[in-house]
**Q** 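The structure's right below; bear with me while I get my questions together.
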There are 2 protein chains.
Amino acid sequence: MSLISSAEAQPARGAAMRKPKAPVANRARIVKAALDEFAARGFKGASMDAIAARTHTTRALINYYFGGKEQVYLAVLEHVYAEIREAEGRLDLEHLPPVAAIRRIVQFTFDYYLAHEGFVRLVVTENQAKGRHLKKSRAMRTLNRPIIDTLARVIARGEGDGSFRPGIDPVEVHMAIAALGMFNVTNQHTFSAIFQRDMGARGDVRRRREMVTEIILRYLSKP
Amino acid sequence: MSLISSAEAQPARGAAMRKPKAPVANRARIVKAALDEFAARGFKGASMDAIAARTHTTRALINYYFGGKEQVYLAVLEHVYAEIREAEGRLDLEHLPPVAAIRRIVQFTFDYYLAHEGFVRLVVTENQAKGRHLKKSRAMRTLNRPIIDTLARVIARGEGDGSFRPGIDPVEVHMAIAALGMFNVTNQHTFSAIFQRDMGARGDVRRRREMVTEIILRYLSKP
DNA sequence: CCATGAATTGACGAGCCTGTTAAATTTAAC
DNA sequence: GTTAAATTTAACAGGCTCGTCAATTCATGG
């Protein structure tokens, strides 16, 4: 059943095995197209035909591969989460002093959301569905442990060397970072419309990025 | 035309006036039911029949009143924004010292989002639609000025009496408050599923509320 | 009491979208 | 070259949802 492992599912090529046409490449392209479509229109709003059109294939083919709309959606979800986890894994913070490490984490997260609007919107969509699909995927739980662990290690180091105060909850800090970073992209439109300020303006975004890191650092620092 | 003003459209009940059928009461009930439905399933996902069922009327009647799905949605949007603005208006901060005033604003916002999940989810939905509907409503722009103004006054007072540092942008502060408060309800499900921590747990929520106020106050305070 | 116009309903038609099925087309192995 | 599995296509059937329209209630003013 492993949907994510499909990428490396090159079938060990048993003797009695017949034919690869372009299934692997197709699957990848479908997931990518589906990501855009789901992110743009939500689960119900997304159209299988639209996804098919974006990949120059047909709806029937997608169903042949994945089994149905819901399963395509799940594949996309696992794909994007795997992607961000992988990116986080390359952060390499161990040799940085705590404050610099936090700074890097916050800015990485902020930038990643900004550059991967599809991911963010997908998370929003999934929440609108009350996490119904996510709960079905066991892969998710192990998939997101690392970020918390690294964050916890940095905070512990900071407490140790006196740059941070004690009693900080890493999960809550991660939440604050995610909240500030996500809001910047998820609520762009209503905010811009209401306050007549283009939230996407270059300078503003850079300033906001700095503000978010400052907010987090001030929260962690000694009184 | 005025969709929102319909609430107070009680026809002055002249002596020779008997009750019509139930148009006013119906309209109110429809908006309420539509709020729930749109919040629960998004714009596309919401069903006019479902709304009708919740109000014991029919789809045709709703169209007779509002004109169509999109217009019902718009009426709901204006309704909830008017509601939160009104609640904010009752905050009465002028006589509080700056720090206490900020504390009240933050906690009010946090609590309001928590108690009005429908409102929050509607904002999310509208953002998923890239603010398409909001932009059509001129009412929105004037509707949300007050909160920024009051916040700006409190910050100015704080800068004046030395409790806050200078150079703070009220809009960005409001954004941070909104981000932290909203995330707490919008991302409940994915966060709970991924980190196996029930974000809704009583104690956690109260602690988080305190954390959010602390985050904001630390950001505003002198270095 | 009746005429009038607003409020309300039931039924209809059209559009979109999804999943399936059977047929056609490739491809690798033999 | 044949063959059989793996892909791909085209067409179908069923379901859901939306907006509209003509018909029907009902309170009210004359």
**Q** Looking at K32(A), I'd like to know if its NZ atom is crowded, meaning that more than 12 non-hydrogen atoms belonging to other residues, nucleotides or ligands lie closer than 6.0 Å.
**A** no

**Q** Could you give the CZ-to-P distance, from R27(B) to dA6(C), as a whole number of Å?
**A** 15 Å

**Q** Is it true that the side chains of H189(B) and E126(A) contain a donor and an acceptor less than 3.5 Å apart?
**A** no

**Q** Identify which nucleotide among dG10(C), dC18(D), dT18(C) has an atom closest to any side-chain atom of M48(A), counting heavy atoms from C-beta outward.
**A**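 Output: dT18(C).
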
**Q** Does Y219(A) have its ring centroid less than 6.0 Å away from the ring centroid of Y219(B)?
**A** no

**Q** What is the distance from CD1 of I62(A) to P of dT7(D), rounded to the nearest Å?
**A** 16 Å

**Q** Which part of the nucleic acid does A52(A) contact within heavy-atom distance under 4.0 Å: base, sugar-phosphate only, or nothing?
**A**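 Answer is nothing: A52(A) stays at 4.0 Å or more from every strand.
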
**Q** Can you measure from CG (N184(B)) to CZ (F110(B)) and round to the nearest 0.5 angstrom?
**A** 4.0 Å

**Q** Does a side-chain N or O from Y64(A) land closer than 4.0 Å to OP1 or OP2 of dT7(D), or not?
**A**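 So the side chain of Y64(A) is within the cut-off, an N or O lying under 4.0 Å from OP1 or OP2 of dT7(D).
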
**Q** Rounded to whole angstrom units, what separation is found between the CD atom of Q71(A) and the C1' atom of dG19(C)?
**A** 11 Å

**Q** From the list dT18(C), dT17(D), dT8(D), which nucleotide is the closest neighbour of the side chain of K69(A)?
**A**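 Output: dT18(C).
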
**Q** Pick the closest DNA chain C nucleotide for R59(A) and for R59(B) by heavy atoms, then say which residue is nearer the 5' end.
**A**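 Result: R59(B).
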
**Q** Could you check how far CG of L61(A) sits from P of dA23(C), rounded to whole Å?
**A**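 Roughly 20 Å, once rounded to whole Å.
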
**Q** Assess K69(A) against F43(A): is NZ or CZ under 6.0 Å from the centre of the six-membered ring, and within 45 degrees of the ring's axis?
**A** yes

**Q** Taking NZ from K44(A) and C1' from dG15(D), how many angstroms apart are they, rounded to a whole number?
**A**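 So the NZ-C1' distance, K44(A) to dG15(D), works out to 10 Å.
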
**Q** Measure CG/D49(A) against C1'/dT9(D) and give the value in whole Å, please.
**A** 14 Å

**Q** Grab the NE2-P distance between H56(A) and dT8(D) for me, whole Å please.
**A** 15 Å

**Q** Could you state the CZ-P distance from F66(A) to dT20(C), rounded to the nearest angstrom?
**A** 16 Å

**Q** Taking only the side-chain heavy atoms of A60(B) (C-beta and beyond), determine which of dT18(C), dT20(D), dC18(D) contains the nearest atom.
**A** dT20(D)

**Q** Please tell me if N63(A) has a side-chain N or O lying less than 4.0 Å from either OP1 or OP2 of dT8(D).
**A**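 Answer is no, no contact under 4.0 Å.
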
